[in-house]
2 protein chains.
Amino acid sequence: MVIVKKTYKDQVIDHIYQMLLADQLKPGDRLKESLLALEMGISRAPIREALKELMTLGLIDYKPQIGNFLPVMTPKQIIDSYTTRGVLEGYAVMSASEHFTRQDLERLDRYVDVMGQAARDGEHKQVVDIGGEFHDFLVARSDNQQLLEYSSRLSMKLHVLFFKHWGMLYRPDEIEQRHRAIVTSIKAQDKTRIEQVVRNHYVETGTKIVAVQALSSVTVI
Amino acid sequence: MVIVKKTYKDQVIDHIYQMLLADQLKPGDRLKESLLALEMGISRAPIREALKELMTLGLIDYKPQIGNFLPVMTPKQIIDSYTTRGVLEGYAVMSASEHFTRQDLERLDRYVDVMGQAARDGEHKQVVDIGGEFHDFLVARSDNQQLLEYSSRLSMKLHVLFFKHWGMLYRPDEIEQRHRAIVTSIKAQDKTRIEQVVRNHYVETGTKIVAVQALSSVTVI
DNA sequence: CCGTCGTCGAATGTCGACATTAGACACATT
DNA sequence: AATGTGTCTAATGTCGACATTCGACGACGG
């Protein structure tokens, strides 16, 4: 039996997620409480609840007395966010490096194989999905809940707000090689290197996204 | 002219902060909306707003359909939080290490001097305050806003929820020496060591707090 | 005596209306 | 024309009441 959504608030959150993923919302857009309430046929109270919850995840930029907006991140903020994620994930993977079993490593290698093939085939969405699974799998090996929380928040935020730019970001061989390097460093049990490799991965990713954003003349503040 | 608080929500947040700092609230306590509303002579709406905002900072544990509570952290969660803060602050300080001026370093040394003296004098509150300033000053040198945000959230959370345990945590010479080591590593411009020293500082702090908590037979889940 | 079930109370979830404020627009003044 | 002021509108902030749900307590049955 499927658990059905109970509170309106949760339905509102789903609604906003779907609009985000369907590209019906873009950074800078305003989310009017009354409009959302009208759309969903409910009052503003649960809308406000939902917006506050999304604020917690950093997906909503709330300005008192003014309104709620989708965050517009400057290139610097994007790079900072990716860097921070790299720092968190680097430590997570490093500190959990001994806990990876042979099966784990095989699985990671398979992720990279599939990702590389998808990249060569131009299956951008699949590349992104596998990439997400790869990193989630990595981080999940850490038993530090606090680290995981912040890491996944950043992941979610960056994913939702910049998903659409991904298709232009990588060269197939490069993305495969970079992820392979992470697996290799884990196999080698070289803690210092593991942390460094993961960090660099994110710093490079952030830098590339910003470069792409500039090229495609997305508004940059 | 002083800016006065405008919205009730902000007043509620202040009210809760004061209760926290005055030890009128302890981990596990329930925060009833209707009671707070009655206390402050306002309706429940701004109370809910305030609680949601504090949730963002991790200071409120919200359980749907049940209520809002002050988080009860397990020893593991405390250690995890301190570790995470160490990872973030370690990177922040390391990456900003070149930006410390001679004046900055002198100031840091002075913080440590005063802290050491306060510790020897048994001025626990002063030790905590100076320690906070010391770390804030360190982290503020990073120009990564995302890092700063998470770091200060953790700082706030740990401060508010465990402030009262600090008095029992350190030996005067030890706390001075540990902070001095951070300054020394910055002076030496040894990036690897900087990051390591800051991390260790927090890991040790977390471990000690948990030890103290166990000793003083605070409820541990 | 113990476990299950139903009732009840109190707290959170939601509602619609009103109060207040920020931003836009038009107007007056220089 | 540019600037400052005042009004107006639409959005957020707050309110009190009602709906719904969770947890406690006690009655009932084994």
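Note that the structure is a prediction, hence the values are computed from the model and not measured. Here is the naming used below: chain letters follow the sequence lines, and residue numbers restart at 1 for every chain.
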Tell me the interatomic distance from B:Phe69, atom CZ, to D:dC22, atom P, rounded to whole angstroms.
13 Å

d(CG, A:Leu35; P, D:dA10) in whole Å:
14 Å

Do A:Glu39 and A:Arg44 sit within salt-bridge range, that is, some charged N less than 4.0 Å from a carboxylate O?
no

For nucleotides 11-17 of chain D, give me one character per nucleotide, 5' to 3': B if any protein heavy atom sits under 4.0 Å from the base, S if the only such contacts are to the sugar-phosphate, - if neither.
SBBBB-B

Think B:Arg107 forms a cation-pi with B:Tyr111, using NZ or CZ under 6.0 Å from the six-ring centre and within 45 degrees of its axis?
no

Taking only residues two or more places apart in sequence, or in another chain, which ones meet B:Glu89 in a salt bridge (charged side-chain N to carboxylate O under 4.0 Å, His left out)?
B:Arg85

Can B:Thr83 and B:Asp80 be counted as having a side-chain donor-acceptor contact under 3.5 angstrom?
no

Please confirm whether the backbone N or O of B:Leu148 pairs with a side-chain atom of B:Ser152, one donor and one acceptor, at under 3.5 Å?
yes

